[in-house]
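Please read the structure below before turning to the comments.
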Amino acid sequence: MIKACLFDLDGVIVDTAKYHFAAWKKMANALGFDFSEKENEQLKGVSRMGSINLILGWGGITLTEEEKIKWAAQKNDWYLEFLQQMDQKEILPGALAFVQDLQNKGYRIALGSASKNAVLALSKVEMLHFFEEIIDGTKTTKSKPDPQVFQMGAAALDCDPSECIVFEDAESGVTAANTGGFYSVGMGSPENLGHANLVLSSLENITIEEIIESVLQ
Ligand code: BG6
Ligand code: MG
């Protein structure tokens with residue numbers, strides 16, 4: 001029986017993936033190189049320091065640990081400038097109604113995100129109150145594809161992974177859910193999320209009952 005839904009944040013609830021991309025691109029450009037949207041896919045679900053290491057690798061650039069920390073902080077400042085301007089318009093199609101419906105029906109709801117800005121982003125779009133538990137980058141020690149973030153979410157809700165559905169837009173996030181014994185819904189394209197139990201392009205025009213029927217089959 002499904003009791004809970006665990007949501008990734010960036011690219012599932014809010015349209016912030018484009019801001020992470022823009023801010024990292026600005027950093028890469030300042031360092032004299034660029035990277036593609038395809039490469040950016042690999043950054044989804046990856047922690048801030050994990051991301052900078054991948055990006056510098058693509059640019060063939062070596063920095064000291066201290067320089068990396070400085071650039072990661074600069075990227076975060078740029079990202080926060082985008083976040084400050086954010087409002088409810090940045091909620092992804094269908095996400096608000098879907099989460100509201102889950103709450104009305106008594107499902108438990110938690111967040112499982114790598115971001116250290118999760119509480120701020122949810123506050124900006126006025127959705128913080130829906131989440132009973134927030135497991136984010138300030139609490140985890142292992143990055144997706146490790147299932148830790150979702151295991152902590154399930155434990156906080158007192159649920160078994162087999163009673164939870166994870167919603168994820170990152171390939172590594174779907175892998176994390178599957179590895180942890182959760183049902184997984186990939187938000188995006190079957191091209192990179194084909195390993196999810198179900199792939200959706202958005203949370204519009206779909207009910208939790210239809211999702212449960214599909215993932216449990
Ligand atoms: C994930 C995003 O949710 O959070 C990544 O998919 C991002 O792109 C990561 O790097 C860490 O976010 P933050 O806000 O702590 O830099
Ligand atoms: Mg995401």
Side-chain angles (χ1 to χ4, degrees), residues 1-14 16-17 20-21 38-55 57 92 95 98-99 102 107-118 121-122 130-203 206 208 210-217:
M1 191 181 136
I2 297 299
K3 294 183 182 164
C5 291
L6 308 183
F7 292 89
D8 172 50
L9 174 72
D10 297 308
V12 172
I13 300 290
V14 279
T16 40
H20 281 294
F21 183 35
K38 190 154 187 273
E39 284 167 318
N40 183 59
E41 274 304 309
Q42 295 175 47
L43 301 178
K44 291 185 177 174
V46 177
S47 69
R48 200 177 303 166
M49 293 314 288
S51 299
I52 198 169
N53 284 330
L54 282 171
I55 296 164
L92 283 160
F98 187 79
V99 172
L102 285 179
Y107 287 95
R108 316 284 310 272
I109 303 166
L111 193 85
S113 165
S115 177
K116 293 184 169 155
N117 296 303
L122 284 175
F130 285 112
F131 295 85
E132 270 179 75
E133 298 290 340
I134 307 254
I135 311 299
D136 63 12
T138 66
K139 295 183 180 158
T140 54
T141 53
K142 295 175 193 162
S143 294
K144 299 167 188 176
D146 191 284
Q148 186 196 43
V149 65
F150 299 126
Q151 286 167 335
M152 287 172 74
L157 295 178
D158 213 8
C159 289
D160 188 77
S162 65
E163 298 170 322
C164 305
I165 301 178
V166 168
F167 293 80
E168 254 295 347
D169 71 318
E171 197 173 327
S172 62
V174 169
T175 305
N178 293 349
T179 308
F182 297 85
Y183 291 102
S184 56
V185 176
M187 300 302 306
S189 152
E191 208 180 304
N192 55 323
L193 304 174
H195 53 318
N197 295 116
L198 172 69
V199 181
L200 298 174
S201 55
S202 85
L203 289 170
I206 186 125
I208 183 62
E210 288 166 331
I211 290 175
I212 291 173
E213 197 185 318
S214 170
V215 298
L216 258 63
Q217 72 183 352

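Here, residue 1 is the first one in the sequence, and each next residue gets the next number.
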Problem - Separation between SG of Cys164 and NZ of Lys3, rounded to the nearest 0.5 Å - result: 9.0 Å

Problem - With sequence neighbours excluded, residues passing side chain to side chain contact (heavy atoms under 4.5 Å, CB included) with Val199 - result: Pro190, Leu193, Ala196

Completion exercise
Hits for side chain to side chain donor-acceptor pair (under 3.5 Å) against Asn53, two or more places apart or cross-chain, chain-then-number order -> Lys68

Handout entry: Pairs where residues 164-174 contributes a residue and the test side chain to side chain donor-acceptor pair (under 3.5 Å) is met, not counting sequence neighbours
Key = Lys144-Glu168

Handout entry: Residues which pass side chain to side chain contact (heavy atoms under 4.5 Å, CB included) with Thr179, listed by chain and number, not counting sequence neighbours
Key = Pro147, Thr175

Practice task
Grab the two heavy atoms, one from Lys139 and one from Met152, that are nearest each other, plus how far apart they are.
Solution key: O-CE, 3.7 Å

Practice task
Any chance you could measure Leu198, atom CG, to Ser214, atom OG, to the nearest 0.5 Å?
Solution key: 4.0 Å

Exercise for the section: Only counting residues at least two apart or in another chain, list the ones meeting ring pair (Phe, Tyr, Trp, His ring centres under 6.0 Å) with Phe130. Expected result: none

Practice task
Output all residues satisfying side chain to side chain contact (heavy atoms under 4.5 Å, CB included) with Ile212, sequence neighbours left out; order by chain, then residue number.
Solution key: Ile2, Tyr107, Ile165, Ile208, Leu216

Problem - Full working for side-chain contact (heavy atoms from CB on, under 4.5 Å) between Ile211 and Ile206 - result: CA-CA 7 Å; Ile211 290 175; Ile206 186 125; 3.7 Å; yes

Completion exercise
Of all heavy-atom pairs linking Ala17 and Lys44, the shortest is CB-CE, 4.2 Å

Fill in the blank from the handout: Hits for side chain to side chain donor-acceptor pair (under 3.5 Å) against Ser162, two or more places apart or cross-chain, chain-then-number order -> Asp160

Problem - Residues which pass side chain to side chain donor-acceptor pair (under 3.5 Å) with Glu210, listed by chain and number, not counting sequence neighbours - result: Thr207

Problem - Residues in side chain to side chain donor-acceptor pair (under 3.5 Å) contact with Ser184, at least two apart in sequence or another chain - result: Asn178, Asn197

Fill in the blank from the handout: Contacts of Asp146 meeting side chain to side chain contact (heavy atoms under 4.5 Å, CB included) (sequence neighbours excluded), chain-then-number -> Lys142, Gln148

Handout entry: Heavy-atom side-chain contact between Asn117 and Thr16 under 4.5 Å
Key = no

Exercise for the section: With rounding to the nearest 0.5 Å, note down the distance linking SG in Cys5 to CZ in Phe131. Expected result: 10.0 Å

Problem - Where at least one partner belongs to residues 133-164, residue pairs that pass ring-ring contact (aromatic ring centres under 6.0 Å, His included), sequence neighbours excluded - result: none

Problem - For the student: nearest non-hydrogen atoms of Asp8 and Asp10, plus distance - result: OD2-O, 3.0 Å

Exercise for the section: Indicate yes or no: at least one non-hydrogen side-chain atom of Leu92 is less than 4.5 angstrom from one of Leu203. Expected result: no

Problem - Heavy-atom donor-acceptor pair, Ser143 side chain to Val46 backbone, under 3.5 Å - result: no

Exercise for the section: Would you give the length of the straight line joining atom CG of Asp136 to atom CG of Leu122, rounded to the nearest 0.5 angstrom? Expected result: 9.5 Å

Practice task
Starting at OG of Ser51, measure out to NE2 of His20 and round the result to the nearest 0.5 Å.
Solution key: 8.0 Å

Fill in the blank from the handout: Rounded to the nearest 0.5 Å, the CD1 atom of Ile135 sits from the CG atom of Leu157 at a distance of 8.0 Å

Fill in the blank from the handout: In short, Leu54 meets Gln42 closest at the heavy-atom pair CD1-O, 4.0 Å

Completion exercise
All heavy atoms of Leu9 vs all of Ala118, minimum pair found to be CD2-CA, 3.6 Å

Problem - Glu132 atom CD, neighbour heavy-atom count above 12 within 6.0 Å - result: yes

Practice task
Kindly write out the residues that satisfy ring pair (Phe, Tyr, Trp, His ring centres under 6.0 Å) with Phe7, not counting sequence neighbours, or none if the list is empty.
Solution key: Phe167

